[in-house]
Every structure is written in C-alpha cells, then in structure tokens.
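In the text below, chain A, chain B and the rest are named by the order of the sequence lines, each starting its count at 1.
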Protein chains: 2
Amino acid sequence: MIGAQLSATSPAGDVAACRPPRLAGSRLAASAFLSREERQALEDAAAPARTVAANTDLLQEGAHADDLFIIVEGWACRYVTAKDGGRQLSALLLPGDVGNLDSLLFSRLDYGVRTLTEATVVAVPRDWILALAVQHPGIARTFIWLALLENVILTKWTQSLGRRSAKSRLAHLLCELSMRLDAETDGESRFTLPMTQEQIADVLGLTAVHVNRVLQELRLEGMVSTKYRRMILPDVVRLRQSCGSDPHYLHMEQPAATPRGMVARALS
Amino acid sequence: MIGAQLSATSPAGDVAACRPPRLAGSRLAASAFLSREERQALEDAAAPARTVAANTDLLQEGAHADDLFIIVEGWACRYVTAKDGGRQLSALLLPGDVGNLDSLLFSRLDYGVRTLTEATVVAVPRDWILALAVQHPGIARTFIWLALLENVILTKWTQSLGRRSAKSRLAHLLCELSMRLDAETDGESRFTLPMTQEQIADVLGLTAVHVNRVLQELRLEGMVSTKYRRMILPDVVRLRQSCGSDPHYLHMEQPAATPRGMVARALS
DNA sequence: CGGTTCGTTGAGGCCCATCAATCTATGTGG
DNA sequence: CCACATAGATTGATGGGCCTCAACGAACCG
C-alpha cells in the first residue's frame, strides 16, 4: 500500500510511471524501514513479473538460487519431502511474501518452493540486494525484519505441531490465515482457502483423512462454515478463545525506524 | 575462535587487552562478515558477563527486552507455556548463541528464555546494535545471517515435530547437538547433555515417559550409550542414516563476504 | 461419458499419552 | 551416620487420538 501511495504521488512525467511498480503490496516494499530512495532502489532491482501455473516448483528442494522470489499474487508454500515420501510444509506464502529468504546468504536451499495456485512472481537478484544492503541501512534492516518475522511464525508452528491437538492446530491455522489476510470485519472472517485437505494436512502434520474429520467437528460446533474453497468463520473471537490463539499474533504493527539521533548517541 | 585470535595478535599495550573479550567464541563475534573494526565495535557494546543459576528465567514469556542476551557459557532454551500447562521449547541455546534475537526489532517477546544449567551471559543493548548496524554493513549482515540460521533450525524442527516418529525425533536431536557442539572424532561423538528427560520431551513434543522408552530402544540398538549426563554415540554415521539426518545440516560453513567490487557493479 | 482429483465415511490397529508405582541418586537436617 | 525429602529415571497397565487401508460419492473436465 505504501508502494501504491508512492506512485500515486509521483510527478506525472516520472520515469517510474512508465513501468508499473513490481513490488507494490509486497511486505518488502511495505517496510517502514525504507526511505523513498531505498524503496525505489529495490523496485529497480526487481525483474518483470512472471506468471506460474498452480502446483509448479519455483525452486526444487536443495536447489541453488541466485534470486529471491516474491509472491505478488496467488499462494505458494515451502515444503520438505522425507525419504519415505512424507511431506511437511514449513511456510505458507501469501501475496507479498518472499519465498526463499535464506537464499540471500545460503547458496543451497533446504526446502522447495512451490505454487499452490496460479501465481505471479517477481525475481530480485540476491547479489543486487546484498550490494544495496551495504549502501542502504534501511534495506539491510528490512531484511533483518523479514527474517525475524519468519522466525515468529515458525515458532508458532512448532507450538502447534509439538503440543496441540489436531482440532486446535486446524483452528490455529485458520486464525493465522484470517489475520494474515486481514479478512475480518465485525468479528466475522471470510476468505478463500485455496488448499486441498491433503495440503492442509501437510501443514499440520496430520493426514488428510483426519483433517477432514476435524474440520467437520469445527463445522458442527458452528466455528467454521465452508462453501467450496470459501471459508467463513462466523465468530473469530470465539474460535480464537477455543484454541488459545493470540490475536497480537504476528507483530503486524511494525516497529518505528530508529531515530537518527540515536546513532550519534550510541557512537559517542 | 576468531575473537581469540584477535586478542592474541593485538599489541601488548592495547586497550582491549585490559579487559578480556566478552563475546569471544560467540557466533556473533565469529561472523565472517565482520571487519576487525566492526568486531571491536560490538565488543565495546557488550556489558560485563553475568553468571546465572540453572533454571532461571533470563526473560519471562511476553517480556519487554532492551538488551540482546548472548549465552557465553552453559545451556539455555526458548520456551512457550500453553494455558493448559503444556510446554514446548522452540530453541536450545548453546554457548555462542543469542537468546532473544527477536528483541532487536520487536519489543514484546513471544517466548521466555531460561537457563538449563548455570550459565554466564552477556547483554548487549539493542539500540546500540541497531545504531551500529546503520554505520557498519558487516554488522547488519551478521544479524541477517543469525536470523536466517535460526530459521534453518526451526524449519528442521517443524519437520521432526510434524512428520517423524518419536525415535527418529530423538535421534535427530542427538545428531543436531553432536554437530552444533562439534563433538565428533573418528565417527564417534561424545558430549554432555545437561537436560532432564522432561526437558528433552519438551523439545520433541513428547512426554518424559516416552522419551525414556525411546532412549532405551536406541541404547538396545547400540546407537547411544549414556553415563549420567554424558552421551556417547558410537557410530554417528549409522545414527544419521537411521533417521535420515543431513550431515550438512546447519550451514556450518559460512558464506564468504560479498567482494567489494560487486557493489560498484550492482549500482552501475 | 469415462477419467481424475478431491472430499467423505467406516473399520481396525498402533503409537504415544496418561496415571501410577518403584527405584536411584542426591541433598538436608538432626 | 541415618531418617527423610526431593528430583529424576524407569517400568507397567490402560486408553485414546490419530494413522492406515479401503471404499464410495461429488465435482470437474476433455
């Protein structure tokens, strides 16, 4: 949204107006740590958007990646396949998310990145980003922020996988998605969940059969209603209470940038 | 170790020689991204080391922290307690690790940090680090690196918690610790594991009773032998094979710093 | 209309939790 | 030195949550 504001206020003859902002809406571009100049530098580094079919690997497991991929539209996931064929997702990537942040510093990926729906994706060369980060503190800090955010979500997932019942895990996932998608109005939440029950099972460490049964329980309790892939959570507050989900979940409010004066103080 | 080299090669009358390096051996100080100057700047920011008893909270769940805590000696953990009393650890902190990296940008912690053994700890003011990161790209990059490393470990844990059997989870944990502690010689690994079976259970998402039974199975199979808290893994290679653990696990090899020339190229 | 993917339902069984008791090691005070 | 208390490891019996295997229904599609 910040990206959108920028282009809206840019002068009519601006060069940026000639090509639509590629990172608009991405968490990267929305970072409060970026100056206008830094945001534009990132924008310039981005390659043209590309459209990818559903269920397509953007990056295979163990691949070597020279670009960071940003999901601009559609859903994707990070996954790992065990030797016995068991699969576990380690991230759900929503519009705005970076698919392979690790590639910034590690050459070999230890997961794969795959689309769940048709998606449009933007690639940004990792070396370019690294070079920009040297020049621009705000860009460096933005990537620290992104990495820490992923940390928060992964920590929540370990809680679910380690200590929660199947029903509670599913409820938690729905609450998380409701928050991340900003899908709530008047205590009700509506959003499209473009995943099969098998894929949901691979997030929750369950089988598709059991996800199905647990989902029915939630429906019977009136916590969830589904029509095709459309999810409705009639009472999100109650759902959150039932599974002990923290509404302040994901540190959605971004901390303010460090005031400039602080630098002088710390270095004195 | 790099820190140790530094003080060894510093001139006899150096100021640094007057106070022993506080961050020596920490992953922070060992970062290959730091120039000598940057490493010293971090060193200067560190408070004197403090000794803390076992089973003591460094930070309570949900606390507000203004410092980053670095575990210099001893073991600690990150944990979350559910309302029903169930506890799940989300990190094991070994000497050199940062306890609360999130505090760099998020004011409210969503976990607690607690010692497992007696430990010595160094605090570094977060605002100081943030200010240094603005001036020193190597410091900024080091923190990106630290955050991404935590990500890698958390991703591995989600695999274990979601898709592995109890025995495999335990084997994986032992392999991870063997690597992180660099405890292997001639295919055999020996290290002290200063945790109760209850604490191990809280890492693996199991009960202490079941950890006990599974540990006995591993003993019967000759994969593990224990004497008090001392672990011996007679054949780490076989243990790794039995549970499908990747020896290149933790990106122990740190990527080289970006060559300076790259900046000019990217910005041209 | 046949094929495919996905959702749903049922029967049976195993892994791990739960509850509880015993045993050992360690420490503490009289 | 022993009685006692406590923390942790160990063992057994029982039950439940979730898996496994299998079949069927529903929606979509060429």
Side-chain angles (χ1 to χ4, degrees), chain A residues 53-56 75 82 84-88 114-118 160-174 192-221 224-231 243, chain B residues 53-56 75 77 82 84-88 114-118 160-174 192-220 224-231 243:
Chain A
N55 299 311
T56 309
W75 288 37
D84 65 5
R87 174 173 309 187
Q88 175 69 39
R114 160 178 299 222
T115 56
L116 294 170
T117 68
E118 183 179 89
S160 264
L161 292 170
R163 288 299 181 208
R164 282 198 251 272
S165 70
K167 200 201 290 192
S168 181
R169 278 183 232 182
L170 178 55
H172 259 271
L173 177 64
L174 295 176
T192 301
L193 179 58
M195 297 172 69
T196 67
Q197 294 182 352
E198 175 115 34
Q199 289 163 342
I200 295 174
D202 287 341
V203 169
L204 302 180
L206 301 168
T207 59
V209 172
H210 202 62
V211 166
N212 183 289
R213 289 195 233 266
V214 168
L215 185 54
Q216 289 179 55
E217 286 183 47
L218 288 179
R219 278 196 282 245
L220 276 179
E221 295 168 9
V224 177
S225 82
T226 61
K227 182 178 254 187
Y228 303 100
R229 293 285 165 84
R230 192 91 190 144
M231 302 291 310
C243 66
Chain B
N55 300 310
T56 309
W75 287 37
C77 68
D84 64 5
R87 173 175 307 188
Q88 174 71 36
R114 159 178 298 222
T115 57
L116 295 170
T117 66
E118 185 180 88
S160 264
L161 291 169
R163 286 303 181 205
R164 283 197 250 272
S165 69
K167 199 202 289 193
S168 181
R169 277 183 233 183
L170 178 54
H172 259 271
L173 177 63
L174 296 176
T192 301
L193 180 58
M195 298 173 70
T196 67
Q197 293 182 352
E198 176 115 32
Q199 288 164 340
I200 295 174
D202 287 341
V203 169
L204 302 180
L206 301 169
T207 59
V209 172
H210 203 62
V211 166
N212 183 290
R213 289 195 233 267
V214 167
L215 185 54
Q216 289 179 56
E217 287 184 47
L218 288 178
R219 277 197 281 246
L220 276 178
V224 177
S225 82
T226 61
K227 183 178 254 185
Y228 301 101
R229 293 285 165 84
R230 190 91 190 144
M231 302 291 309
C243 67

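Judged by distance alone, with hydrogens and angles left aside, the side-chain atoms of B:R163 form a donor-acceptor pair with the main-chain N or O of A:L206 at under 3.5 Å. In this structure, A:T115 contributes its side chain and A:A53 its backbone to a donor-acceptor pair below 3.5 Å.
Side chains of A:T196 and A:R229 form a contact here, defined as non-hydrogen atoms less than 4.5 Å apart. With contacts defined as side-chain heavy-atom distances shorter than 4.5 Å, the pair A:D202/A:M195 does not qualify. You'll find the side chain of B:H210 stays beyond 4.5 Å of the side chain of B:L170, heavy atoms only.
Remark: P of D:dA9 and CG of B:N212 are 8 Å apart, rounded to the nearest angstrom. At whole-Å resolution of the value, CG in A:L204 and P in D:dG17 are 18 Å apart. What separates NZ of B:K227 from C1' of D:dA9 is a distance of 17 Å, to the nearest Å. We find that CD of A:Q216 is positioned 9 Å from C1' of C:dG7, with the value rounded to whole Å.
A:L193 pairs in a side-chain contact (heavy atoms from CB on, under 4.5 Å) with only one of the listed residues (A:L116, A:I200, A:T226), which is A:I200.
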Stepwise side chain to side chain contact (heavy atoms under 4.5 Å, CB included) check, A:Q199 with A:N55:
CA-CA 11 Å; A:Q199 289 163 342; A:N55 299 311; 3.7 Å; yes
inquiry  = Checking A:V214 against A:R169 for the side chain to side chain contact (heavy atoms under 4.5 Å, CB included) test, could you report, in this order, the C-alpha distance in whole Å, the side-chain angles of both residues, the deciding distance, and whether it holds?
reply    = CA-CA 10 Å; A:V214 168; A:R169 278 183 232 182; over 6 Å; no
Using a cut-off of under 3.5 Å, enumerate the N/O to N/O pairs linking the protein to nucleotides 23-26 of chain C.
none

Between N or O atoms, less than 3.5 Å apart, protein on one side and nucleotides 5-8 of chain D on the other: list the pairs.
none

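Going from atom OG1 of B:T207 over to atom CD of B:Q197 covers 10.5 Å, rounded to the nearest 0.5 Å.
Considering every non-hydrogen atom in both B:P194 and B:T192, the closest pair reads CD-O, 3.3 Å.
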The contact string for nucleotides 11-17 of chain C, one letter per nucleotide 5' to 3', using protein heavy atoms under 4.0 Å with B, S and - for base, sugar-phosphate only and none, comes out as B----BS
